[in-house]
Amino acid sequence: MNLGRLDLNLLVSLDALLRHRSVTRAAAEMGLSQPALSASLARLRRHFGDELLTRVGNSYRLTPLAVQLQDLVRVALSGVERVFGAQPGFDPARARREFSVRASDYVVVVLGDVLARLLAEEAPHARLRFAATSPELVDRAEEVLLGTDLLLLPHGIVTDLPHRELYRDEWVCVVSADNTDVADGLTVQHLETLPWVTVYHGPTAATAAARQMRMLGIEPHVQAVTESFLTVPGLVAGSDRVALLQRRLVDLLPLDAGIRALPVPFEAGPLVEAMWWHPVYDDDPENRYLRDLVARAAALAVGSPDRS
């Protein structure tokens with residue numbers, strides 16, 4: 001493919017069309033006339049040999065190829081923005097860029113406020129965007145990190161990428177505050193018989209503690225699955241369900257959350273939270289600044305990582 005013959009403006013048009021699934025709304029966002037964007041769509045259709053958007057009733061639907069292109073377009077567009085936005089040095093006080101961080105709601109609760117405050121103090125014109133993680137994104141971590149500044153995940157989920165430890169936590173079991181069946185504490189038998197609430201449940205999608213539990217032969221009876229740690233207390237309170245949560249998150253919950261924490265009756269191991277980035281950004285001054293900012297936020301929020 002001769003990249004010199006491609007019009008990079010088509011990448012911007014493609015991104016808007018795939019997000020809005022409407023020529024009218026995409027054109028309005030880009031400040032173009034509808035005929036102008038329709039012409040771009042026609043060029044894109046000729047290039048890919050695919051309709052990309054097909055009319056179904058009064059709306060448009062993405063073709064299978066267009067669905068595949070969505071994430072690729074965002075990654076490519078982010079790369080282009082980085083290339084043409086690069087400067088010899090980086091001055092946070094003058095920066096007007098958006099820093100993107102993918103993290104679970106647990107990490108946002110622990111670090112988000114401190115991180116946002118530090119950025120506002122040092123880079124008042126910059127913006128911080130938190131986006132959720134998912135098993136599908138984690139499986140494509142290296143690709144995702146081409147278009148995302150940082151991925152905040154504990155060790156044991158992704159490997160072979162540059163990273164830096166932020167802090168340590170521990171797993172606890174949570175049960176309803178009025179659950180009298182476990183008044184004397186949880187046993188392994190309880191874990192095997194009580195119904196469970198799990199986060200990211202699947203063959204490869206699970207917390208490290210949940211995987212460790214299965215390695216010990218403890219097969220939980222999963223009654224509810226969620227992709228948000230913050231929804232777990234509501235699914236446990238007032239029920240006989242049990243779940244695993246991070247100690248720091250439990251300590252930050254309101255006193256009337258309706259749950260109580262109990263020690264895990266097996267060796268769950270520590271939770272070591274870390275930040276991960278793509279090796280292409282090892283020496284990128286903006287990424288280096290963000291990494292330093294996140295590390296300082298972690299130190300202020302929870303203290304330095306325990307390396308003992």
Side-chain angles (χ1 to χ4, degrees), residues 78-79 81-82 85-134 137-138 141-171 207-209 229-230 245-252 269-308:
S78 176
E81 290 170 351
R82 284 176 178 272
Q87 298 177 356
F90 176 65
D91 180 3
R94 301 177 61 184
R96 295 182 176 276
R97 64 156 290 180
E98 178 178 277
F99 292 101
S100 57
V101 176
R102 286 199 174 270
S104 68
D105 54 354
Y106 150 68
V107 176
V108 176
V109 167
V110 173
L111 297 183
D113 177 62
V114 178
L115 180 57
R117 175 164 51 83
L118 286 178
L119 184 69
E121 292 171 355
E122 299 177 11
H125 306 296
R127 180 169 56 198
L128 184 63
R129 179 182 294 273
F130 287 107
T133 57
S134 70
L137 290 172
V138 171
E142 186 168 359
E143 174 190 332
V144 169
L145 282 170
L146 280 171
T148 300
D149 290 300
L150 292 176
L151 181 61
L152 306 188
L153 284 174
H155 280 280
I157 299 177
V158 297
T159 58
D160 300 327
L161 286 171
H163 64 275
R164 179 175 175 181
E165 289 185 15
L166 295 174
Y167 64 87
R168 293 194 170 210
D169 204 343
E170 65 175 356
W171 294 100
T207 63
F229 290 105
L230 285 174
L245 275 184
Q246 305 88 344
R247 166 66 71 181
R248 295 187 190 278
L249 179 59
V250 173
D251 289 345
L252 291 170
L271 185 161
V272 184
E273 196 68 38
M275 58 179 161
W276 308 77
W277 62 92
H278 197 283
V280 74
Y281 301 129
D282 276 340
D283 299 318
D284 178 78
E286 296 181 7
N287 196 278
R288 283 206 312 266
Y289 168 76
L290 180 62
R291 296 188 319 249
D292 175 70
L293 194 75
V294 172
R296 286 188 282 127
L300 286 172
V302 302
S304 300
D306 179 11
R307 299 179 185 276
S308 60

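Since the model is a prediction, treat every value here as computed from it, not as a measurement.
Residues satisfying the side chain to side chain donor-acceptor pair (under 3.5 Å) test with Asp169, not counting sequence neighbours, are Tyr106. Remark: Leu161 pairs with Ala141, Glu142, Leu145, Trp276, Pro279 by the side-chain contact (heavy atoms from CB on, under 4.5 Å) rule, at least two apart or across chains. Residues satisfying the salt bridge (charged side-chain N to carboxylate O under 4.0 Å, His left out) criterion with Asp282, sequence neighbours excluded, are absent altogether. Every side-chain contact (heavy atoms from CB on, under 4.5 Å) that Arg97 has, sequence neighbours left out, goes to Arg82, Phe99, Asp149, Glu286. For Arg291, the side chain to side chain donor-acceptor pair (under 3.5 Å) test picks out Asn287, with sequence neighbours left out. A search for side-chain contact (heavy atoms from CB on, under 4.5 Å) contacts involving Arg117 returns Val114, Glu121, not counting sequence neighbours. Partners of His125 according to the ring-ring contact (aromatic ring centres under 6.0 Å, His included) rule, which considers only residues two or more places apart in sequence or in another chain, do not exist here. Residues forming a side-chain contact (heavy atoms from CB on, under 4.5 Å) with Val250 (at least two apart in sequence, or on another chain): Val172, Val174, Leu245, Ala261. Residues meeting the salt bridge (charged side-chain N to carboxylate O under 4.0 Å, His left out) test with Arg296, sequence neighbours left out: Glu122, Asp292.
Note on residues 106-116: no pairs pass salt bridge (Lys or Arg N to Asp or Glu O under 4.0 Å), not counting sequence neighbours. Within the structure, ring pair (Phe, Tyr, Trp, His ring centres under 6.0 Å) contacts touching residues 277-303 (residues at least two apart or in different chains) are Phe90-Tyr289.
Taking the side chain as every heavy atom from C-beta outward, Val138 and Val144 never approach each other to under 4.5 Å. Side-chain contact between Leu290 and Val101: present, with at least one pair of heavy atoms (C-beta onward) separated by less than 4.5 Å.
The distance from the CG atom of Leu152 to the OG atom of Ser104 is 8.0 Å, given to the nearest 0.5 Å. The CG atom of Leu128 lies 6.0 Å from the CG atom of Leu119; values are rounded to the nearest 0.5 Å. Between the CZ atom of Arg248 and the CD atom of Glu170 there is a distance of 9.0 Å, given to the nearest 0.5 Å.
The minimum heavy-atom distance between Val108 and Ala103, with the atom names listed, is CG2-CB, 4.3 Å. Annotation for Leu111 and Ala301: closest pair CD2-CB, 3.8 Å, computed over non-hydrogen atoms. Nearest heavy atoms, Ser100 versus Gly147: OG-O, 4.0 Å.
No more than 12 heavy atoms of other residues, nucleotides or ligands shown are found within 6.0 angstrom of CZ on Arg129.
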### Query
Is there a side-chain contact (heavy atoms from CB on, under 4.5 Å) between Phe229 and Val109 once you walk through the steps?
CA-CA 10 Å; Phe229 290 105; Val109 167; over 6 Å; no
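For the side-chain contact (heavy atoms from CB on, under 4.5 Å) criterion with Arg102, the lone passing option out of Leu150, Val107, Leu151 is Leu151.
Using a distance-only test at 3.5 Å, with no hydrogens or angles considered, no donor-acceptor pair links the side chain of Glu273 to the main chain of Glu165.
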